[in-house]
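Quick note: residue numbers are just sequence positions, from 1. Owing to the predicted nature of the structure, the values given are computational and were not obtained by experimental measurement. Scope of the values below: all heavy atoms of this structure, side chains included, with no hydrogens, waters or symmetry mates.
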Amino acid sequence: MRLGINLGYWGAGMDADNLAVAQEADRLGYSVCWAAEAYGSDAPTVLSWVAAQTERIDVGSGIFQIPARTPAMTAMTAATLDSLSGGRFRLGLGVSGPQVSEGWYGVKFDKPLSRTREYVEIIRKAMSRERLSHQGRHWTLPLPDGPGKPIKLTVHPVREEIPLYIAAIGPKNLEQTGEIADGALLIFYSPEHAEETTLQYLRAGREKAGKGTGGSGGLGDFDVCPTVPMAVGEDVRALADQFRPYTALYVGGMGSRKQNFYNRLAQRMGYEKEAAEIQDKYLAGEKDAAAAAVPHELIDSTTLVGPVDRIADRMRAYAEAGVTTLSLAPAGFALEERIAGLRAGVEALERAGVA
């Protein structure tokens with residue numbers, strides 16, 4: 001199992017600190033640094049800045065939002081970042097959610113599975129540097145009866161194939177991700193529930209694509225990459241409590257009542273009643289009450305909290321549950337806290353013996 005670092009969203013006065021975190025992760029031997037985007041800073045600009053000031057660590061989009069760019073534009077961006085970084089770019093994709101897709105980008109949030117599949121097909125075709133043509137439900141390239149013609153990408157990526165990841169939560173999306181991607185970007189990943197919530201679906205997709213089994217979790221060389229919040233210290237409950245607002249935001253307030261992927265995930269983990277209560281309170285504007293309703297067990301099973309030895313034990317559990325890249329999100333707003341978290345992550349991995 002390798003370690004990654006997730007910088008999350010850029011901004012909030014932490015820009016210089018985020019760069020320092022990425023540089024320390026590079027020095028410590030972390031394998032990848034992810035940056036996110038929603039409706040603030042864009043990920044490609046951040047990744048360019050980080051790549052220019054690091055040496056070995058991969059830079060990855062966690063994620064590029066599919067409604068934000070045409071697939072050909074994403075292929076251009078990926079090829080450029082791979083070239084500029086010396087072959088250190090990983091392409092992570094996701095459909096975002098209905099509020100952002102329709103409210104920010106003006107793109108209808110419908111048929112996310114077939115849209116993602118076509119998007120990936122076009123990207124792979126474009127980055128192979130063959131002349132680009134595609135006839136599908138969502139995109140037709142070139143447009144018919146016009147001046148357009150099949151065009152070939154002029155940028156040469158460093159690598160023949162840039163690793164492609166998809167952010168996946170639901171069973172159908174996970175299965176398709178196992179079929180068409182090289183890795184999955186995951187959230188709220190619990191080792192105790194990994195098989196029934198995640199691995200069985202990824203495995204089904206790999207088998208559907210004829211990509212074989214073996215390797216970690218029976219997934220061959222597929223990269224299982226969850227982002228896991230981390231806080232180091234002695235008081236496990238107090239450390240877990242700081243992640244209550246974060247968990248309540250996703251389980252209760254991310255998406256609509258009818259369409260919240262994270263709420264459904266919590267239900268599949270056995271928290272049906274609690275997930276409903278968290279959502280009811282959050283959507284009623286009672287955010288503190290929603291956070292208080294989050295079970296400690298849910299937080300503890302999806303984060304790394306406690307002293308280094310306890311975190312090492314949990315890292316073993318993640319490795320045994322199929323994780324191949326564990327991306328950490330160290331808690332704290334102070335740079336010193338986040339750097340200490342990075343170093344503790346390396347120490348815990350060494351103690352766990354699963355590197």
Side-chain angles (χ1 to χ4, degrees), residues 62-63 65-67 92-101 109-121 137-138 164-228 247 250-276 278-279 295 297-298 301-302 317-318 320-327:
I63 53 160
Q65 298 169 103
I66 285 175
L93 302 170
V95 292
S96 188
Q99 285 76 15
V100 174
S101 182
F109 189 83
D110 62 352
K111 300 180 175 60
L113 288 176
S114 63
R115 183 179 295 273
T116 299
R117 182 180 289 272
E118 274 193 46
Y119 202 87
V120 169
E121 287 175 1
R137 172 184 291 182
H138 303 284
L164 190 150
Y165 295 70
I166 295 174
I169 300 174
K172 292 182 179 178
N173 191 5
L174 286 163
E175 182 173 339
Q176 179 170 277
T177 297
E179 180 186 356
I180 67 175
D182 304 306
L185 299 176
L186 306 166
I187 189 171
F188 294 113
Y189 191 91
S190 166
E192 291 73 25
H193 301 281
E195 179 60 35
E196 67 266 30
T197 63
T198 307
L199 294 178
Q200 63 170 320
Y201 304 111
L202 291 174
R203 196 179 299 114
R206 299 291 287 175
E207 292 171 355
K208 186 176 180 180
K211 294 181 179 177
T213 56
S216 183
L219 296 171
D221 58 359
F222 189 85
D223 194 8
V224 177
C225 182
T227 287
V228 183
T247 308
Y250 279 85
V251 174
M254 196 68 75
S256 65
R257 183 178 294 276
K258 292 182 179 180
Q259 205 166 30
N260 182 324
F261 310 119
Y262 311 97
N263 190 280
R264 293 175 190 169
L265 175 59
Q267 292 181 47
R268 294 201 302 278
M269 292 166 63
Y271 297 102
E272 294 91 346
K273 180 181 177 182
E274 295 87 345
I278 294 165
Q279 187 176 62
E297 294 75 16
L298 173 58
S301 69
T302 55
Y318 275 98
E320 291 167 2
V323 173
T324 47
T325 301
L326 188 68
S327 290

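- The distance from the OH atom of Tyr271 to the CG atom of Leu298 is 5.5 Å, given to the nearest 0.5 Å.
- When each of Lys211, Lys172, Arg117, Arg203 is tested with Glu179 by the rule salt bridge (charged side-chain N to carboxylate O under 4.0 Å, His left out), just one qualifies, namely Arg117.
- With Glu118 contributing its side chain and Arg137 its backbone, the two residues share a donor-acceptor pair below 3.5 Å.
- Taken to the nearest 0.5 Å, the CG atom of Leu185 stands 9.0 Å off from the OG1 atom of Thr177.
- Of all heavy-atom pairs between Thr116 and Pro112, the closest is OG1-O, 2.8 Å.
- Minimum heavy-atom separation, Asn263 to Ala275: ND2-O, 3.0 Å.
- When every heavy atom of Leu164 is checked against every heavy atom of Ala181, the shortest pair comes out as O-CB, 3.6 Å.
- Asp110 approaches Arg115 most closely through the heavy-atom pair OD1-NH2, 3.3 Å.
- Put simply, the side chain of Glu175 never gets that close to the backbone of Pro171: no donor and acceptor are under 3.5 Å apart.
- Within the model, atoms OG1 of Thr247 and CD of Glu274 stand 13.0 Å from one another, a figure rounded to the nearest 0.5 Å.
- Shortest non-hydrogen contact noted between Pro295 and Ile278 is CD-CD1, 4.3 Å.
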Under the side-chain contact (heavy atoms from CB on, under 4.5 Å) criterion, do Lys111 and Val95 qualify, and how do the steps go?
-> CA-CA 10 Å; Lys111 300 180 175 60; Val95 292; over 6 Å; no
Glu196 vs Arg268, side-chain contact (heavy atoms from CB on, under 4.5 Å): CA-CA, chis, key distance, verdict = CA-CA 8 Å; Glu196 67 266 30; Arg268 294 201 302 278; over 6 Å; no
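- Judged purely by atom type and a 3.5 angstrom limit, Thr324 uses its side chain to pair as donor or acceptor with the backbone of Val224.
- The distance from atom CD1 of Ile66 to atom CZ of Phe109, rounded to the nearest 0.5 Å, is 9.5 Å.
- Between Tyr262 and Tyr250, the ring planes lie perpendicular to each other; the angle is over 60°, past the 30° to 60° tilted range.
- Side chain of Gln176 to main chain of Leu113: a donor-acceptor pair is present (N/O by atom type, distance under 3.5 Å, no hydrogens or angles).
- Of all heavy-atom pairs spanning Gly253 and Asn260, the tightest one is N-ND2, 4.2 Å.
- Using a distance-only test at 3.5 Å, with no hydrogens or angles considered, no donor-acceptor pair links the side chain of Tyr119 to the main chain of Leu93.
- For the atom pair Thr302 OG1 and Tyr189 OH, the distance stands at 13.0 Å (nearest 0.5 Å).
- Checking each of Val323, Leu186, Thr325 against Cys225 for a side chain to side chain contact (heavy atoms under 4.5 Å, CB included) leaves exactly one that passes, namely Thr325.
- Taken to the nearest 0.5 Å, the OG1 atom of Thr198 stands 6.5 Å off from the CG atom of Leu202.
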